[in-house]
Amino acid sequence: MKIGNKAQHEIAGFVLIVLIVSVIGVVFLSIAFGKPDIERQTSVEISNLLSSMMYHTTDCAINYIPQYRDVQDLIRECYKKQTGNLRECLDGRDVCDETEKNLKNILDKSLIVGENNVNKAYKTDIYFSEDENKEEILSFKEGNFNNCTFIVGGSHSIPVGSFVSGKIETELLVCKS
């Protein structure tokens, strides 16, 4: 009986050593590969915010007063400006500058961004998309994306027109803590 008991102790010791080496290996691998990428989630709230922002009426009229354009129209006009058409508000302001100003104003009031807030930062990208090609129209951000717990985002598509096959995509990412 002593010989069988000794073999059981050796097997138990071997299993214990294998367990200790496995735990050390898992800890080493988790440290070696570092922090996992921050998960990005699509948010209905962010998509709804983008959609509602598109219909905000600005104080920019292109053709005549009182035909003031909404943000969505200004984005289209900004795209047209980049394709060579001179686009300005009637009072001489640049449509791209007015688009960015209006979007920032709405976002700053809707998403209070700061180190001590839930929203740490936001980033907006607006681009023309046709097939696999993307052409940037506007891009801006507020805050710092370094200390995000997770990132939520949304998008909104704007048709350019009946003679153009692509579309304008508006994307908003928000860094949350």
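Reckoned from all heavy atoms, side chains included, excluding hydrogens, waters and symmetry mates. In this chain, residues are counted from 1 in sequence order.
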Side-chain donor-acceptor pairs under 3.5 Å in residues 48-64, sequence neighbours left out?
residue, atom, partner, partner atom, Å
Asn48, ND2, Val44, O, 3.4
Ser51, OG, Ser47, O, 3.1
Ser51, OG, His156, ND1, 3.3
Ser52, OG, Asn48, O, 3.2
Ser52, OG, Leu49, O, 2.9
Thr58, OG1, Cys60, N, 3.3
Thr58, OG1, Arg69, O, 2.5
Asp59, OD1, Arg93, NH1, 3.1

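In terms of hydrophobic clustering, with Ile, Leu, Val, Met, Phe, Trp and Tyr side chains grouped at heavy-atom distances under 4.5 Å, Leu172 and Ile75 are assigned to a common cluster. No chain of hydrophobic side-chain contacts below 4.5 Å, direct or via other Ile, Leu, Val, Met, Phe, Trp or Tyr residues, connects Val23 to Val15. Under the 4.5 Å side-chain heavy-atom criterion for grouping Ile, Leu, Val, Met, Phe, Trp and Tyr, Val160 is connected to Ile158 within one hydrophobic cluster.
Rounded to the nearest 0.5 Å, atoms OG (Ser177) and CZ (Phe150) are 8.0 Å apart. Distance check: Leu74 CG to Asp97 CG gives 11.0 Å after rounding to the nearest 0.5 Å. With rounding to the nearest 0.5 angstrom, the CG atom of Leu173 is 7.0 Å from the CG atom of Asp125. Taking CD from Glu135 and CD1 from Ile168, the interatomic distance works out to 9.5 Å, rounded to the nearest 0.5 Å. Taking CG of Leu90 as the reference point, atom CD of Glu88 lies at 9.5 Å (rounded to 0.5 Å).
Contact detail for Lys176 and Val152: the closest heavy-atom pair is CE-CG2, 3.8 Å. The shortest heavy-atom contact between Lys120 and Gly114 is CD-O, 3.5 Å. When all heavy atoms of Ile137 and Cys78 are compared, the pair lying nearest together is CG2-SG, 3.7 Å. Closest of all the heavy-atom pairs between Ser157 and Glu169 is OG-OE2, 2.9 Å. Closest of all the heavy-atom pairs between Cys96 and Lys81 is SG-CD, 4.1 Å. Scanning both residues, Arg76 and Pro159, for their nearest heavy atoms gives NE-O, 2.9 Å.
Looking at Asp131, its side chain never comes within 3.5 Å of a backbone N or O of Asn133 through a donor-acceptor pair. Side-chain atoms of Asn105 never come within 3.5 Å of backbone atoms of Lys101 as a donor-acceptor pair (strictly under, hydrogens ignored). Side-chain atoms of Asn144 come within 3.5 Å of backbone N or O of Asn146 as a donor-acceptor pair.
Counting non-hydrogen atoms of neighbouring residues, nucleotides and ligands closer than 6.0 angstrom, the CD1 atom of Ile112 reaches no more than 12 such neighbours. A 6.0 Å sphere centred on CD of Glu136 holds more than 12 heavy atoms belonging to other residues, nucleotides or ligands.
At least one side-chain heavy atom of Glu98 sits less than 4.5 Å from a side-chain heavy atom of Asn102. In this structure, the side chains of Asp94 and Thr99 stay at 4.5 Å or more apart for every pair of heavy atoms. For the pair Cys175/Lys123, no side-chain contact is recorded, criterion being any heavy-atom separation below 4.5 Å from C-beta on. Between Asn117 and Val113, every side-chain heavy-atom pair lies at or beyond the 4.5 Å cut-off. Between Val174 and Ile151, every side-chain heavy-atom pair lies at or beyond the 4.5 Å cut-off. Between Tyr122 and Lys104, some side-chain heavy-atom pair lies under the 4.5 Å cut-off. For the pair Leu138/Thr124, no side-chain contact is recorded, criterion being any heavy-atom separation below 4.5 Å from C-beta on. The shortest distance between side-chain heavy atoms of Phe140 and Glu100 falls below 4.5 Å.
Identified under the ring-ring contact (aromatic ring centres under 6.0 Å, His included) test for residues 75-119, with sequence neighbours left out: Tyr79-Phe128. Listed by first and then second residue, the ring-ring contact (aromatic ring centres under 6.0 Å, His included) pairs that reach into residues 87-114 come to none, sequence neighbours excluded.
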